[in-house]
Protein chains: 2
Amino acid sequence: MGYYTHSNRILVALDCIIFGFDGEDIKLLLIKRNFEPELGKWSLMGGFLEENEDLETAAQRILYELTGLKNNYLEQLQTFGSINRDPVERTISVVYYALVNSQQQDINAINAHNAYWINLSDKPDLIFDHNRMVEQARQQLRYKAALHAIGFELLPEQFTIPQLQKLYEAIYNRKLDRRNFSRKIISTGLLLSTGQKDSRSATKKGQLYRLDTTNYQRYLNDFVSFFPELTLT
Amino acid sequence: MGYYTHSNRILVALDCIIFGFDGEDIKLLLIKRNFEPELGKWSLMGGFLEENEDLETAAQRILYELTGLKNNYLEQLQTFGSINRDPVERTISVVYYALVNSQQQDINAINAHNAYWINLSDKPDLIFDHNRMVEQARQQLRYKAALHAIGFELLPEQFTIPQLQKLYEAIYNRKLDRRNFSRKIISTGLLLSTGQKDSRSATKKGQLYRLDTTNYQRYLNDFVSFFPELTLT
DNA sequence: CTATAATTGTGTCTTATATACACTATTATA
DNA sequence: TATAATAGTGTATATAAGACACAATTATAG
C-alpha cells in the first residue's frame with residue numbers, strides 16, 4: 001500500500017446523537033464531561049475513528065460503550081468540518097444519530113460515562129458545534145418519522161396506538177386528532193394486534209400492537225411525496 | 001493550539017456528484033482519468049481537504065475548478081469511510097452533490113479535466129465506491145425533488161411547464177399526466193409568468209415561467225409528509 | 001395557402017383522502 | 001356505584017388526486 005503525496009492528514013471524530021422516548025417526551029442522552037477538553041460542560045458522546053474501523057462500526061462502538069446497546073437504528077447524519085470547530089486541534093466530526101428504546105439500556109455504562117437522559121426541550125448548551133448537530137438531527141428525525149414510519153424504533157416492542165400517537169406528538173410538538181391518527185395508522189397495515197392489553201395504564205387499557213416487520217421494510221423505503229403520484233420505491 | 005494524543009490522522013477527500021439536465025435526460029459530469037491512480041477509468045471529480053478550508057468551501061472549490069461555476073445548489077450527501085475504499089491509502093471521502101444548469105458551464109475547464117456530460121442511465125462503471133455514491137445521490141435527488149421543489153436548479157432561469165415536467169419525468173423515470181402536472185405546479189404558487197414564449201419549440205410555443213423566489217424559500221423548507229397533517233415549517 | 005403533425009393549454013368528472021367532530025366503552029379509584 | 005380518565009369507533013364535509021377530452025398554436029409538407 002502506497003501513500004498519496006498530499007500531506008493534510010487530520011483527526012476524524014464521531015459524535016452520536018442518541019434519541020429516546022419515555023412515553024411523554026423525546027429525550028437526548030448527553031454527557032456531563034468529567035474529562036478534558038471542556039471539562040464540566042455538556043456534550044454529545046463521541047470518540048475518534050480508529051485505524052482499522054469503518055465509520056459505521058466506530059459509531060456503533062461509541063454507542064455501545066455508552067449504552068450497552070447494539071443493533072439500534074443508527075444512521076449517519078452529516079459531517080461537520082469547520083476549521084475551528086474543535087479548539088484543541090483541527091478535527092472533522094462524522095455525526096450519527098441513534099434511536100434507542102430507552103428501557104433496554106445498560107444503566108451502569110451510562111453512569112460510568114456520567115451521562116443523563118435529558119428532555120430535548122430542556123437541552124443545555126453543548127460544547128463546540130454540538131448544538132447545531134442536535135438541531136439538525138432533530139429536523140432529520142422529523143423528516144424520517146414523517147416519511148418512513150421510523151418512530152417505532154423509539155417504542156418498546158409492544159405498544160398501544162395512543163402511545164404511538166404521543167411519540168408523534170412529541171416529535172412534532174403538536175396535538176393530533178386521536179380518531180384520525182388511529183384510522184390512518186391502522187390503514188398503513190404496519191401494526192399487528194397482539195391480543196394483549198396494556199397493563200400499566202391506569203384507566204381503560206389499550207390494545208397492544210407490534211410492528212408488522214414484513215410491511216415495515218416496505219415503509220422504510222417508500223415515502224409519500226410532494227407529488228403523491230411520485231411515491232417512490 | 002494544542003494537540004490530541006490520539007494518533008490516527010487520515011486523509012480527507014471530497015467527491016462531487018454533479019447533476020445536469022439537457023431537456024431530456026438527467027446528466028452526470030464524469031471524469032475520464034488521465035492521472036493516477038486508476039488512470040484511464042471513470043470517476044467523480046474529487047480532491048483533498050486543505051488545511052485552512054471548510055468542507056463546504058472545499059466542495060465549492062472542486063466544483064469551480066471543474067465547471068467554472070459558483071453559487072450552485074450544493075449539498076453534502078454523506079461521508080464514505082470504509083477501510084479499504086481507496087487502495088492507495090486510507091482516505092475518507094465527504095461527498096457533495098451539485099445541481100447545475102449545464103448551459104452556464106465553462107467548457108474549457110471541463111475539457112481541461114477530461115470531463116464529459118453523460119446520461120445518468122448510461123453511467124459507466126466508476127472507480128472505488130463512486131458507484132455507490134452516485135446511486136445514493138440519485139436517491140437523494142428524488143427525495144429532495146419530491147419534497148422540496150428543488151428541481152428548478154437544473155433548469156435555465158426561464159422555462160415552460162412542459163420542460164419542468166420533462167425534468168420530473170427524468171428524475172423519476174416515469175410519465176406524468178400533463179394536465180394534472182400543470183394544475184398542481186401552478187397551484188403551488190412557485191411560478192411567475194414572464195409573458196414571453198419559448199422560441200426554441202418547433203410546434204406550439206409554451207409560456208415561459210420563472211421561479212417566484214419569495215415562495216421558493218418557503219418550499220425549500222416545507223414539505224408534504226407521510227401524515228399531511230404534519231407538514232413541517 | 002391549407003392540411004397535418006406535434007405540442008401546449010384548459011375543463012370536468014369520479015374517487016379517494018383529509019379533517020372535523022360526537023358518542024360509547026373500559027377501568028382504577030373515591 | 002359514581003366519577004374521572006382514557007380508549008375505541010362512526011360519520012359527514014371539504015379538499016385533493018387521478019383519469020380523461022377537447023380546443024389552440026405553430027412549423028412543415030403538399
Side-chain angles (χ1 to χ4, degrees), chain A residues 23-24 146-147 149 155-156 158-170 172 174-210 219 222-232, chain B residues 23-24 146-147 149 155-156 158-170 172 174-210 219 222-232:
Chain A
E24 288 296 327
L147 299 172
L155 290 174
Q158 300 200 358
F159 52 86
T160 67
I161 290 180
Q163 278 165 21
L164 182 60
Q165 183 179 342
K166 277 198 174 151
L167 172 59
Y168 269 87
E169 290 179 336
Y172 296 100
R174 56 183 291 187
K175 287 283 169 199
L176 298 173
D177 184 273
R178 235 163 21 88
R179 298 153 288 193
N180 296 334
F181 183 88
S182 178
R183 174 156 33 84
K184 186 133 193 186
I185 205 74
I186 285 171
S187 78
T188 62
L190 281 170
L191 302 190
L192 281 176
S193 172
T194 65
Q196 293 170 275
K197 299 214 161 183
D198 182 24
S199 57
R200 285 169 311 172
S201 172
T203 61
K204 179 168 180 178
K205 285 150 178 30
Q207 174 66 52
L208 283 168
Y209 292 85
R210 59 185 177 77
Y219 265 84
D222 286 9
F223 73 93
V224 178
S225 73
F226 180 57
F227 291 109
E229 199 177 344
L230 291 176
T231 298
L232 304 184
Chain B
E24 287 296 328
L147 299 172
L155 292 174
Q158 300 200 357
F159 51 85
T160 67
I161 290 180
Q163 278 165 20
L164 183 60
Q165 184 180 341
K166 276 197 175 152
L167 171 60
Y168 269 87
E169 289 179 336
Y172 295 101
R174 56 183 291 190
K175 288 282 169 200
L176 297 173
D177 185 273
R178 235 164 23 87
R179 299 154 285 196
N180 295 336
F181 184 87
S182 179
R183 174 159 33 86
K184 187 135 193 184
I185 206 74
I186 285 171
S187 78
T188 63
L190 282 169
L191 303 190
L192 280 177
S193 172
T194 65
Q196 294 171 273
K197 299 214 160 182
D198 182 25
S199 57
R200 285 168 311 171
S201 172
T203 61
K204 179 167 181 179
K205 285 150 179 28
Q207 174 66 53
L208 284 168
Y209 292 86
R210 57 183 179 77
Y219 265 83
D222 286 9
F223 72 93
V224 177
S225 73
F226 180 56
F227 290 109
E229 201 176 342
L230 291 177
T231 298
L232 304 184

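Treat the numbers as computed from the prediction; the structure is a model and nothing was measured. Atom set for the values below is all heavy atoms of this structure, side chains included, hydrogens, waters and symmetry mates excluded. Lettering follows sequence order; numbering is per chain, from 1.
- The listed nucleotides are D:dA7, C:dC21, D:dC20; the one nearest the side chain of B:Asn180 is D:dC20.
- Donor-acceptor pairing under 3.5 Å, judged by distance alone, is absent between the side chain of A:Arg183 and the base of D:dG8.
- In this structure, the CD atom of A:Gln165 is 14 Å from the P atom of C:dT19, given to the nearest Å.
- Here the P atom of nucleotide C:dG9 and the CG atom of B:Leu176 are 16 Å apart, to the nearest Å.
- Not a single donor-acceptor contact under 3.5 angstrom links the side-chain atoms of B:Arg179 to the base of C:dG9.
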Discussion item. Please determine whether side chain to side chain contact (heavy atoms under 4.5 Å, CB included) holds for the pair A:Phe181 and A:Leu164, giving the CA-CA distance in whole Å, both sets of side-chain angles, and the decisive distance to 0.1 Å.
Written reply: CA-CA 9 Å; A:Phe181 183 88; A:Leu164 182 60; 3.9 Å; yes
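- Note: CD (B:Gln207) to P (D:dT26) measures 12 Å, nearest angstrom.
- What separates CD1 of A:Ile161 from P of D:dT6 is a distance of 17 Å, to the nearest Å.
- Taking atom CZ of residue A:Arg178 and atom P of nucleotide C:dA25, one finds them 15 Å apart after rounding to whole Å.
- Distance, B:Phe181 CZ to D:dA17 C1': 15 Å, rounded to whole Å.
- Whole-Å rounding puts the A:Ile185 CD1 to D:dT9 P distance at 15 Å.
- In terms of phosphate contacts, A:Lys204 brings no side-chain nitrogen or oxygen within less than 4.0 Å of OP1 or OP2 of D:dG8.
- Considering only side-chain N and O atoms, A:Lys205 lies nowhere under 4.0 angstrom from the phosphate OP1 or OP2 of D:dA7.
- When distances are taken from the side chain of B:Lys184 to each of C:dT27, D:dA17, D:dT26, the shortest belongs to D:dA17.
- A straight line from CZ of B:Phe159 to P of C:dT8 spans 14 Å, rounded to a whole angstrom.
- Here A:Lys197 does not reach the OP1 or OP2 of D:dA7: none of its side-chain N or O atoms lies under 4.0 Å away.
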